[in-house]
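The structure under discussion appears below in the form of structure tokens.
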Amino acid sequence: MTGYSWLVFVHILAAITWVGGAILLNVLNTRSIRADDPARLATAAKETEWVGTRIIAPTTVVLLAMGITMVAVNEAWTIGQLWIILALVLFGLTFATGAFFLGPEAGRIARLVDERGVSDPEVRRRLRRVVLVGRVDLITLIVVVWDMVVKPGL
Amino acid sequence: MTLYDVLLFVHIMGVAVWVGGSIMLGVISSRIEGSGDAVFRARFARAAGVVGPVIGISAALILASGLWMVIDNDAIELSQLWVWLSLALFLLSGIVGAVYFAPASNRIIEALEQGRVEEADRRAGAFNLVSRLDTLLLVVIVGLMVFKPGA
């Protein structure tokens with residue numbers, strides 16, 4: 001059991017929490033929209049914001065820190081390798097999407113639901129948009145997992 | 001891209017859905033329970049019921065891809081400690097999931113919908129405890145996969 005193994009363990013746990021959590025949120029949010037239940041829709045928006053800022057965001061920081069440390073301590077990895085460049089670019093993209101759009105927008109939607117009710121056309125338009133962006137973000141995350149496994153360019 | 005890469009990707013995605021989904025569902029469920037609204041809690045528990053089949057499918061994919069990797073890779077044997085112990089813990093978690101979670105969840109929903117909030121709280125407490133232990137078990141399996149004791 002080496003120090004490097006611990007880095008891999010924490011890195012993988014963080015990735016699992018992020019990707020699995022994002023999939024779960026997508027499933028629950030999609031079901032909420034289909035069910036057309038105002039209470040469920042409002043909860044989905046509020047929980048997405050809470051989980052996004054308090055669980056997923058810190059997890060991504062841990063994930064990045066472990067990843068960079070692994071590159072630093074393992075002579076076989078360098079930042080210039082294609083799979084690492086690709087992972088960092090996609091990570092940056094999905095991190096920015098979550099931090100600057102998905103999380104804050106879910107919070108704005110939750111407040112809008114409280115003010116106008118879930119039947120409001122603006123609320124519905126924003127809910128659909130946030131779920132769509134969430135799906136695209138999820139695909140990006142899955143591509144990052146594929147990149148980590150296949151390591152293109154090695 | 002080799003067959004082993006594809007199997008490993010499917011295996012890791014399956015684990016992400018199962019373990020990551022369980023962690024996230026546990027967090028959200030705890031928050032919903034804290035709301036104190038019985039009707040709302042029952043609605044959420046019903047909505048969360050969709051997660052069961054999703055986890056079931058991911059468990060099947062994990063098992064199939066894992067066994068295939070053992071067959072495909074000469075360096076991995078079923079007799080290695082990390083492989084058989086992971087398999088045993090995986091089966092234990094799978095059995096707990098199939099035998100306990102769905103019926104226990106239905107009993108909580110039933111109690112909430114019939115206004116038996118105290119009973120629902122008691123059952124939810126037991127449910128959460130088992131759920132946390134199960135998640136811990138899954139994290140141990142991830143540890144076995146990474147550290148590979150006995151390899």
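Note that the coordinates shown come from a computational prediction; the quantities given were computed from them, not determined experimentally. Order of the sequence lines fixes the chain letters, A, B, ..., with proteins taken first and strands second; residue numbering starts at 1 for each chain.
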Please round to the nearest 0.5 Å and tell me the distance separating atom [atom1] of [X] and atom [atom2] of [Y].
X        : Y        : atom1 : atom2 : result
A:Ile23  : B:Met24  : CD1   : CE    : 10.5 Å
A:Leu141 : B:Met13  : CG    : CE    : 8.5 Å
A:Thr2   : B:Phe147 : OG1   : CZ    : 8.0 Å

Check: For A:Ser5 and B:Val146, which heavy atoms make the closest approach, and how far apart are they?
Finding: O-CG1, 3.4 Å

[Y] reachable from [X] in the ILVMFWY side-chain graph, under 4.5 Å edges:
X        : Y        : result
B:Val19  : A:Trp6   : yes
B:Phe101 : B:Leu137 : no
B:Leu67  : B:Leu89  : yes
B:Tyr4   : B:Trp68  : yes
B:Phe90  : B:Trp84  : yes

Determine whether [X] and [Y] make a side-chain contact, defined as any pair of heavy atoms from C-beta on separated by less than 4.5 Å.
X        : Y       : answer
B:Ile28  : A:Leu25 : yes
A:Ile142 : B:Phe9  : yes
B:Val27  : A:Trp50 : yes

If you count heavy-atom pairs within less than 4.5 Å of chain A, which of [options] leads?
options                     : result
B:Ile23, B:Ile12, B:Val139  : B:Val139
B:Arg31, B:Met145, B:Lys148 : B:Arg31
B:Val54, B:Thr2, B:Asp5     : B:Asp5

Next item on the list: Kindly check if the number of other-residue, nucleotide or ligand heavy atoms within 6.0 Å of CD (B:Glu118) is above 12?
Entry: no

Note to self: Can you confirm whether A:Arg34 is buried at CZ, in the sense that more than 12 heavy atoms of other residues, nucleotides or ligands lie under 6.0 Å from that atom?
What the structure shows: no

Item checked: Contacting region of A:Ile16 [heavy-atom separation from chain B under 4.5 Å] -> both

Item checked: Per-residue contact mode, A:Val27 against chain B (heavy atom under 4.5 angstrom) -> side chain

Next item on the list: Please flag which part of B:Val15 lies under 4.5 Å from any non-hydrogen atom of chain A: side chain, backbone, both or neither.
Entry: both

